[in-house]
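I have placed the structure first, in the form of structure tokens, so that the comments after it can refer back to it.
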Amino acid sequence: NFKSKKKRECHFPMLSNYPKQKVLDLITQLSEGELRAEVNRQVISEKSKFDPINLFDQISNDTDYITLQHLIALFQDNSYKVSYDDTQVILESFDKDQDQKWSFKEFLESVLPKDNQQLRNRIISAVKRLERGDGAIEYDIIYALIRIYDEELKCYKTCEQTRRELLLCDEFSIIAAFKEIDVESKGYINH
């Protein structure tokens, strides 16, 4: 018994082609940007010399938090040119409790893989066994760390520009955009 597929009913105005394309662009930009950041998270996590505790201690100058000033120093010391405002964006991206600094847990969330649970668990298990480090961090670890933050920043900037363009479009409606994506009319997006 084959059931005929019922066409989706839409109770909201559909998006015209321009905002529809912009929504698609935004989703694509976010997906591709997160993928690039994730690749760098996996690269740093696979390095045998990756010691998140030692890395955190070095960046934070052996304090309990990484602040905006610590990130600025990290970037300047490694010739990564980034503005104060962009550094603030990076900090806020992983500052879950919004206290303008990263705890060790927030730092780990910024560097650990999100899509490779096995690799993530291996690093978390290793962190539980490690003592506070005292060795110098190799440049390739610092470089991989900066690449993560660079990809996150690029993704933010690209998506923010597209978001602004969408909000300036008279034909754009968040509800209509959601309805375009929620093709099964479930009230949530699961893909």
Mind telling me whether Y80 and F75 have parallel, tilted or perpendicular rings, with 30° and 60° as the class edges?
perpendicular
I need the D25 CG to Q161 CD distance, nearest 0.5 Å.
11.5 Å
Apply side chain to side chain contact (heavy atoms under 4.5 Å, CB included) to residues C169 and Y18 and explain how you reach the verdict.
CA-CA 9 Å; C169 177; Y18 177 77; 3.8 Å; yes
Whether F94 and Y149 hold their rings parallel, tilted or perpendicular, with breakpoints at 30° and 60°
tilted
Is any side-chain heavy atom of T63 less than 4.5 Å from a side-chain heavy atom of H70?
yes
Cationic N near anionic O, under 4.0 Å, K47 to D140
yes
Taking atom CD of E171 and atom CG of L15, what is their separation to the nearest 0.5 Å?
9.0 Å
Membership question, hydrophobic clusters at under 4.5 Å side-chain separation (ILVMFWY): are L167 and F178 in the same one?
yes
Flag the pair R120 and E109 as a salt bridge only when some basic side-chain nitrogen lies within less than 4.0 angstrom of an acidic carboxylate oxygen.
yes
Take atom CD1 of I174 as the centre, draw a 6.0 Å sphere, and report whether it contains more than 12 heavy atoms from other residues, nucleotides or ligands.
no
Are I146 and Y84 in one and the same hydrophobic cluster, where Ile, Leu, Val, Met, Phe, Trp and Tyr link if side-chain heavy atoms are under 4.5 Å apart?
yes
Say you draw a straight line from CG of D51 to CG of D57; how long is it, rounded to the nearest 0.5 Å?
8.5 Å
Can you find a heavy atom in the side chain of R147 that is under 4.5 Å from one in the side chain of V39?
no
Report the C-alpha distance between L24 and Q21 in whole Å, list the side-chain angles of each, state the deciding distance to 0.1 Å, and finish with yes or no for side chain to side chain contact (heavy atoms under 4.5 Å, CB included).
CA-CA 5 Å; L24 180 60; Q21 184 60 49; 3.9 Å; yes
Can you find a pair of side-chain heavy atoms, one from E34 and one from E152, that are under 4.5 Å apart?
yes
Cluster link Y188 to V23, ILVMFWY, side chain under 4.5 Å:
no
Counting distance only, does the side-chain N/O of D95 pair as donor-acceptor with the main-chain N or O of D99 below 3.5 Å?
yes
Sidechain-backbone polar pair: S93 side chain, V89 backbone, donor-acceptor under 3.5 Å
yes
Please assess Q100 against Q88 for the test side-chain hydrogen bond (donor to acceptor under 3.5 Å, both in side chains), listing each intermediate value before the final yes or no.
CA-CA 9 Å; Q100 297 299 303; Q88 184 73 36; 2.6 Å; yes
Should E165 and K22 count as an ion pair when the cut-off is N to O under 4.0 Å?
yes
Are I142 and V43 connected into the same hydrophobic cluster when the rule is that any two of I, L, V, M, F, W, Y join if their side-chain heavy atoms are below 4.5 Å apart?
no
Kindly indicate, with the supporting measurements, whether the criterion side chain to side chain contact (heavy atoms under 4.5 Å, CB included) is fulfilled by F104 and V127.
CA-CA 11 Å; F104 181 66; V127 164; 3.7 Å; yes
Is D170 atom CG crowded by more than 12 heavy atoms from other residues, nucleotides or ligands, each under 6.0 Å away?
no
Between E106 and K96, which heavy-atom pair has the shortest distance, and what is it?
OE2-N, 2.9 Å
Is I53 reachable from I137 through a run of I, L, V, M, F, W or Y residues, each pair having side-chain heavy atoms under 4.5 Å apart?
yes
Out of curiosity, L145 CG to N78 CG, how far, rounded to the nearest 0.5 Å?
9.0 Å
Is there a side chain to side chain contact (heavy atoms under 4.5 Å, CB included) between L119 and E46 once you walk through the steps?
CA-CA 8 Å; L119 186 55; E46 290 172 346; 3.7 Å; yes
Sidechain N-carboxylate O distance under 4.0 Å for D182, K186:
no
K49 NZ: over 12 foreign heavy atoms closer than 6.0 Å:
no
How many angstroms lie between CZ in R41 and CG in D115, if you round to the nearest 0.5 Å?
9.0 Å
Flag the pair I66 / K101 as yes when at least one side-chain heavy-atom distance between them is below 4.5 Å, and no otherwise.
no
For Q42 and E38, test the side chains for any donor-to-acceptor distance below 3.5 angstrom and give the result as yes or no.
yes
Output the distance between atom CZ (R163) and atom CZ (F172), rounded to the nearest 0.5 Å.
10.0 Å
I'd like to check Y65 versus S103 (side-chain heavy atoms, cut-off strictly below 4.5 Å). Are they in contact?
yes
Considering only heavy atoms from C-beta outward, does the side chain of F107 approach that of L55 to under 4.5 Å?
yes
Quick one, T67 and W102 - any side-chain contact, counting heavy atoms below 4.5 Å?
no
Residue pair I123 / P52, side-chain heavy-atom distance below 4.5 Å:
yes
